[in-house]
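All heavy atoms count here, side chains included; hydrogens, waters and symmetry mates do not.
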Amino acid sequence: MSNSLDAYLILAGLLFSIGTFGFLARRNAISMLMSIELMLNAVNLAIVAFGAFIPALQTKGAVIALIVIAVAAAEATVGLAIVIAIFRNRKTPLVDEYDAMRR
């Protein structure tokens with residue numbers, strides 16, 4: 001493939017699709033968090049690609065990508081803390097077992 005915007009957007013779409021499938025198909029909470037991170041990285045790839053190929057979006061694309069990276073880091077921190085707290089109480093990382101918290 002040539003060095004074009006289409007190639008980057010196709011790759012970003014594939015990564016996002018893999019992340020979506022991973023999130024929907026997995027029962028393990030840590031695998032689900034990793035799939036969400038993959039989806040956020042696919043969005044970052046698309047944003048940076050648009051910033052590289054459209055000169056008017058060059059600085060704005062980088063700023064938005066940094067914000068997405070910060071949100072991804074915060075999401076990973078909070079999500080992992082919740083998973084660890086639930087794992088200590090329930091002794092399982094499977095999300096099917098988390099409904100017992102409602103009682």
Side-chain angles (χ1 to χ4, degrees):
M1 296 183 98
S2 66
N3 192 13
S4 67
L5 181 61
D6 294 338
Y8 291 106
L9 293 180
I10 289 171
L11 179 61
L14 287 172
L15 287 174
F16 194 85
S17 299
I18 292 169
T20 303
F21 176 76
F23 181 78
L24 295 175
R26 302 286 181 195
R27 291 178 37 198
N28 190 335
I30 295 178
S31 297
M32 293 172 78
L33 286 174
M34 288 174 31
S35 297
I36 292 172
E37 293 295 325
L38 187 62
M39 290 189 286
L40 288 172
N41 285 330
V43 170
N44 262 347
L45 177 63
I47 291 170
V48 170
F50 276 118
F53 284 95
I54 301 173
L57 298 176
Q58 194 165 16
T59 57
K60 294 174 186 168
V63 170
I64 292 171
L66 287 174
I67 291 171
V68 171
I69 290 171
V71 168
E75 174 263 332
T77 303
V78 171
L80 195 57
I82 291 170
V83 169
I84 289 172
I86 292 173
F87 182 77
R88 286 182 180 169
N89 292 330
R90 305 297 303 163
K91 302 294 187 232
T92 180
L94 302 179
V95 293
D96 296 343
E97 305 294 325
Y98 293 175
D99 64 347
M101 291 174 49
R102 284 188 260 167
R103 292 185 223 161

What pair of heavy atoms forms the shortest contact from Glu37 to Ala76, and how long is it? OE2-CB, 3.5 Å

When rounded to the nearest 0.5 angstrom, what is the spacing between CE in Met34 and CD1 in Ile30? 9.0 Å

Between Ile10 and Leu14, is the side-chain contact (heavy atoms from CB on, under 4.5 Å) condition met? List the steps. CA-CA 6 Å; Ile10 289 171; Leu14 287 172; 4.3 Å; yes

When hydrophobic residues are tied together by side-chain contacts of less than 4.5 Å, even through go-betweens, does Leu45 share a cluster with Ile36? no

Taking all non-hydrogen atoms of both residues, which atom of Leu38 and which atom of Ile18 are closest, and how far apart? CD2-CG2, 3.7 Å

Are Ile47 and Tyr8 linked, directly or through other ILVMFWY residues, by side chains that come within less than 4.5 angstrom of each other? no

Give the minimum heavy-atom separation between Ser35 and Gly22, together with the two atoms involved. OG-C, 3.3 Å

Tightest non-hydrogen contact, residues Ala42 and Leu15, listed as CB-CB, 3.7 Å

Nearest-0.5 Å distance, CD of residue Gln58 to CZ of residue Phe50: 15.0 Å

Path from Val43 to Leu9 over hydrophobic side-chain contacts below 4.5 Å: no

In one Ile/Leu/Val/Met/Phe/Trp/Tyr side-chain cluster, 4.5 Å: Val48, Phe53: no

Ile82 CD1 to Thr77 OG1 distance, which is reported to the nearest 0.5 Å: 11.0 Å

same_hphob_cluster(Leu40, Phe23) at 4.5 Å side-chain heavy-atom cutoff: yes

